[in-house]
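The structure under discussion appears below in the form of structure tokens.
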Amino acid sequence: MNKKFPAHWLEEIVDKISERNVKKITLSTGKTPSGHIHIGILREILICDALRRVFESRGYKVDSFLFMDDLDAAKRFPEYIEKDFQKEHLGKPFAYMPCPFKECGCESYGHHFGYELISTFESFGIKTKAIWTHELYREKKMQEKIKIALENTDLIKEILKKYIIPTLDKNKKELFLDMLQNWMPVMAICEKCSKIQYRDNDGAIKPNRVLKYDEKKEIVAYKCSACGNYNEISVYSGILKLNWRVDWPTKWALFQTTCEPAGKDHCVKGGSYDTGLELCQRVFNYKGPVKVAYEWLRLGDRDMKTSKGIVFTPKKYLEIADPELYRMLILRTNPMKHISLRIEEIPQYYDYYERMEDIYYSSGKIEPEEEQEFIRYTYPLTKIDEFLDKKPKRIPLKLLIFLSQIQNILNIEDSYEKAKSVTGIEDLEKSISIKDFGILLKRTKKWVEEVKKLIENETDSQLKKSIMQKISLFEIPDKHDEDILKSLDKNQINGIKLLRNFILENDAVDADIIQNKIFTIAKEDLKMKPKKMFEAIYQVILGKKHGPRLGSFLSLLDKNWLLERLNLE
RNA sequence: GGGCUAUUGGCGCAGUCAGGUAGCGCAACCGGCUCUUAACCGGCAGGUCGGGGGUUCGAUUCCCUCAUAGCCCGCCA
């Protein structure tokens, strides 16, 4: 008998989780809010969200958490943060410094950027609960774990050595062993200056590591490496923080995490995921989560780097494209593969998505069986809201691109009517309200602007050309350009006059009829080359010699506006 | 040094895990709508699937090896 292979890579993870035979599934993800959080993080969050949906549909109770690690120290800041602010707050946890934008008035730096991400979840159809690390560390249950870690310092050291030493060369190995001598897994946030670490003049980072631990009194001593403050404080003081490699498994144990995806940097041999799992098992007596490694998401051909200002946030994405497309992009791609998010390829994503819908809603078996199964599995997971019995009605993206570029001369209501007549969807209101349509147009317009920027910044002329060929870009200037009008010859001006009269005399004008009329005017009435006639019309409307196919273009424009524009008197 | 991924027509990518006639989009080319065009439509063409070896009746797919590119292993996911 043939073994049944899963239709989708997600199902392999599902199997691993199911094998654990637990009643309640806990999924988690984490991120440090050190600046604008870019869209790459949604890869792990969406993998979890898809898992959540699968397990919920099978009757499991599922908890999904996002740990917002705002107790991590600021080692450096992104360039868009003011220098004075950087100087003042370097070394503090992100929860302990104010919002860097004065007018904003939110409660902390960490909150500002963390919330920027969290606020997009609803639009992406993500259901997860944010847990702010600074709040978690104030809870007794977390503080109990800190105690356990302190009591197991030697065991923790042993495990860290086991994993980390093989990855180090001789020099680094000595430094590492030296560092471990007086090492403890806990750091303190200074009561005086709020810093948790200090960057020395030589660039070395010195954390406020706990110096000693009195198990009976449950007290630790620390000395702030930034301001020199020394104190002995309770394990329950709420200003202690576990070292990163220990912090992670502690959360796993505390929340009994069943599965947590992690970027490939953490998943490398000897990395924090491996040490975390063993720490979790031996120190906290919990098996640890199912490990899911994933590759970076890149923006075009570049890595997104907060420090280099290549930041593309989920919020920004929502301004220009459909969140379902993003879910699709993540969920169709095996987690270990690179994804290059290309703004200019959004029409292709759109095409693929429509194809998915076609296959999902078709009963026939035209496609290979595997592909059908894959799509039947994936498509519902990409939806933001519940999905329909019938294939949803869509306005072709090309039409939206077109309409979005003539918004300065055609209002929303008329655009809506045009869309209705062009697509032939009579009951458009049922699936896309005029309000939704407005949102679609606005989003498309933003996208068009982004693509224009991309083209401007592209230095490779070949690439530039190929992007331009894919997308019909134009702009309708508010007024005639006087120089252009002067450049037109008598024939061209007469031609436009004749065309204008034709439009004036005919009520509803069909795209093909207009197209034909232009040729007739040029060839028969005026004995000129049609090309000259076309150019003249483009010049008057767009200020350029080229543009979209004229018949359909003119028929989409508002008649009164067109008559006014063609009036050269 | 260790690891991950990629290499498929001009360009961007599917397909590879589960071996059995190589796909999509764009571009190109030809044609249609009395019409050079970019909301169109139809058609045609284009690839020894990075190189080499192996397994197999059969390999883009599995194994080995080499090459090239990108990334990770310093708290950027």
Side-chain angles (χ1 to χ4, degrees), chain A residues 2-6 9 12 29-32 34-35 37-45 69 72-73 75-76 78 164 166-169 172 205 243-245 247-248 261-272 293-298 301-308 310-311 332-334 336-338 340 342 344-345 347-352 355 368 370-371 395-403 418-419 422-423 462-463 465-474 511-512 515-520 522-524 529-531 534 538 545-553 555-556:
Chain A
N2 286 343
K3 189 172 182 263
K4 178 83 178 121
F5 291 99
W9 51 263
E12 292 175 27
T29 55
K31 179 69 185 124
T32 304
S34 55
I37 300 172
H38 61 67
I39 196 165
I41 189 66
L42 287 189
R43 194 162 190 182
E44 66 175 63
I45 295 175
D69 290 322
D72 291 359
K75 284 199 342 183
R76 66 183 99 82
I164 295 174
T167 68
L168 301 175
D169 60 35
K172 283 185 177 166
I205 287 169
N243 189 284
W244 156 244
R245 290 222 187 210
D247 166 275
W248 205 10
K264 60 175 175 180
D265 53 337
H266 292 314
C267 296
V268 182
K269 245 184 195 173
S272 47
Y294 66 91
E295 257 288 354
W296 301 145
L297 180 117
R298 317 181 72 209
D301 293 319
R302 297 177 306 178
D303 263 11
M304 283 191 260
K305 289 197 175 185
T306 315
S307 52
K308 285 191 183 169
I310 309 172
V311 187
R332 78 171 179 188
T333 314
N334 191 297
M336 279 316 293
K337 282 193 168 186
H338 277 290
S340 290
R342 289 175 199 277
E344 72 277 19
E345 306 251 326
Q348 284 192 49
Y349 302 155
Y350 199 95
D351 281 349
Y352 184 88
R355 212 173 89 80
E370 294 87 357
E371 192 180 4
I395 299 170
L397 186 59
K398 283 184 179 176
L399 181 60
L400 284 173
I401 292 171
F402 179 88
L403 290 173
K418 291 285 183 194
V422 171
T423 56
Q462 281 284 29
L463 282 177
K465 205 177 150 194
S466 85
I467 300 175
M468 280 163 74
Q469 272 170 341
K470 282 181 191 171
I471 301 150
S472 172
L473 296 177
F474 59 87
D512 285 346
Q515 184 85 2
N516 292 340
K517 186 64 189 173
I518 296 167
F519 277 89
T520 342
K523 289 207 288 201
E524 289 168 24
K529 281 189 179 172
K531 186 173 178 174
F534 277 98
Y538 285 127
K545 287 186 178 178
H546 317 274
R549 195 179 163 94
L550 257 186
S552 47
F553 184 36
S555 74
L556 284 172

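Residue numbering restarts at 1 for every chain, and letters A, B, ... go by the order of the sequence lines.
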### Task
Would you indicate what A:Asp72 reaches in the nucleic acid, counting non-hydrogen atoms under 4.0 angstrom: base, sugar-phosphate, or nothing?
base

### Task
Taking side-chain contact (heavy atoms from CB on, under 4.5 Å) as the test, write out the residues that go with A:Lys398, two or more places apart.
none

## Note on the structure
Across all chains, not counting sequence neighbours, the salt bridge (Lys or Arg N to Asp or Glu O under 4.0 Å) partners of A:Glu344 are none

### Message
Suppose you measure atom C1' in B:G20 against the same atom in B:C30; what distance do you get, rounded to whole Å?
### Response
35 Å

#### Entry: Interatomic distance where NE2 belongs to A:His266 and P belongs to B:C76 [whole Å]
7 Å

#### Entry: Partner set under salt bridge (Lys or Arg N to Asp or Glu O under 4.0 Å) for A:Arg245, not counting sequence neighbours
none

#### Entry: Set of residues satisfying side chain to side chain donor-acceptor pair (under 3.5 Å) with respect to A:Tyr294, sequence neighbours excluded
A:Glu44

### Summary
Residue set satisfying ring pair (Phe, Tyr, Trp, His ring centres under 6.0 Å) with A:Phe402, at least two apart, ordered chain then number -> A:Phe474, A:Phe553

### Message
If I pick the P atom on B:A6 and the same atom on B:C63, what distance separates them, to the nearest angstrom?
### Response
12 Å

### Message
Any side-chain N or O of A:Arg342 below 4.0 angstrom from OP1/OP2 of B:C13?
### Response
yes

Can you check nucleotides 5-10 of chain B for protein contacts, nitrogen or oxygen pairs under 3.5 Å, and list what you find?
none

### Message
My understanding is that only residues two or more places apart in sequence, or in another chain, count here; which of them pass side-chain contact (heavy atoms from CB on, under 4.5 Å) with A:Ser340?
### Response
A:Arg298, A:Arg342

### Message
I'd like to check the side chain to side chain donor-acceptor pair (under 3.5 Å) partners of A:Asp72; sequence neighbours left out, ordered by chain and number.
### Response
A:Thr32

### Query
How close or far is atom C1' of B:C13 from atom CG of A:Asp351, stated in whole angstroms?
13 Å

### Query
What distance, rounded to whole Å, do you find between the two P atoms, one in B:G54 and one in B:A18?
23 Å

### Message
Give me the distance, rounded to whole Å, that separates B:A27 from B:A39 when you measure between the P atoms they each carry.
### Response
12 Å

### Task
Quickly work out the A:Trp296 CH2 to B:C75 C1' distance and round it to whole Å.
11 Å

### Query
In whole Å, what separates the C1' atom of B:A14 from that of B:U68?
23 Å

### Query
What is the distance from atom CZ of A:Arg332 to atom OH of A:Tyr349, rounded to the nearest 0.5 Å?
7.5 Å

### Query
Given atom CH2 of A:Trp248 and atom P of B:C75, what is their separation to the nearest angstrom?
13 Å

#### Entry: Bracket string, RNA chain B, 5' to 3' - pairs by Watson-Crick or G-U geometry under 3.5 Å, | interstrand
((((((((.[[[[.)....(..]]]]..((((.......))))......[[[[[..)....]]]]])))))))....

### First encountered from the 5' end of RNA chain B, between A:Ala73 and A:Glu12
A:Glu12

### Summary
Rounding to 0.5 Å, atoms CD1 (A:Ile45) and OG1 (A:Thr29) come to a distance of 4.5 Å

### Query
Hey, are the side chains of A:Thr333 and A:Glu295 touching, using non-hydrogen atoms and a 4.5 Å cut-off?
no

### Whole angstrom value for the distance that separates C1' of B:G1 from NZ of A:Lys172
11 Å

Can you tabulate the close N/O pairs, meaning under 3.5 Å, that link protein atoms to atoms of nucleotides 39-41 of chain B?
from  : atom 1 : to       : atom 2 : distance (Å)
B:A39 : N7     : A:Ser552 : OG     : 3.0
B:C40 : OP1    : A:Lys398 : NZ     : 3.3
B:C40 : OP2    : A:Lys398 : NZ     : 3.2

### Task
Measure the distance from CG on A:Leu42 to P on B:C76 and round it to the nearest whole Å.
19 Å

### Query
If you check the A:Arg298 side chain, which of B:C71, B:C75, B:C13 turns out closest?
B:C71

### Query
Starting at NZ of A:Lys517 and ending at C1' of B:U34, how long is that distance when rounded to a whole Å?
13 Å

### Query
When you compare B:G51 with B:G10, how far apart are their C1' atoms, in angstrom units rounded to a whole number?
23 Å

#### Entry: First encountered from the 5' end of RNA chain B, between A:Glu44 and A:Phe534
A:Phe534

### Message
Nearest to the side chain of A:Arg76, heavy atoms from C-beta on, is which of B:C76, B:C71, B:C73?
### Response
B:C76

### Query
Quantified in whole Å, what is the P atom distance between nucleotide B:A67 and nucleotide B:G74?
26 Å

### Query
Mind checking what makes side-chain contact (heavy atoms from CB on, under 4.5 Å) contact with A:Ala262, not counting sequence neighbours?
A:Trp248, A:His266, A:Cys267, A:Tyr273

### Pairing residues for A:Pro166 by the side-chain contact (heavy atoms from CB on, under 4.5 Å) criterion, not counting sequence neighbours
none

#### Entry: Nucleotide nearest A:Trp244 (side chain, heavy atoms from C-beta), chosen from B:C75, B:C71, B:U34
B:C75

### Query
With rounding to whole Å, what would you report as the distance between B:C29 and B:U37 at their P atoms?
13 Å

### Query
Just how far, in rounded Å, is C1' of B:G32 from CZ of A:Phe519?
14 Å

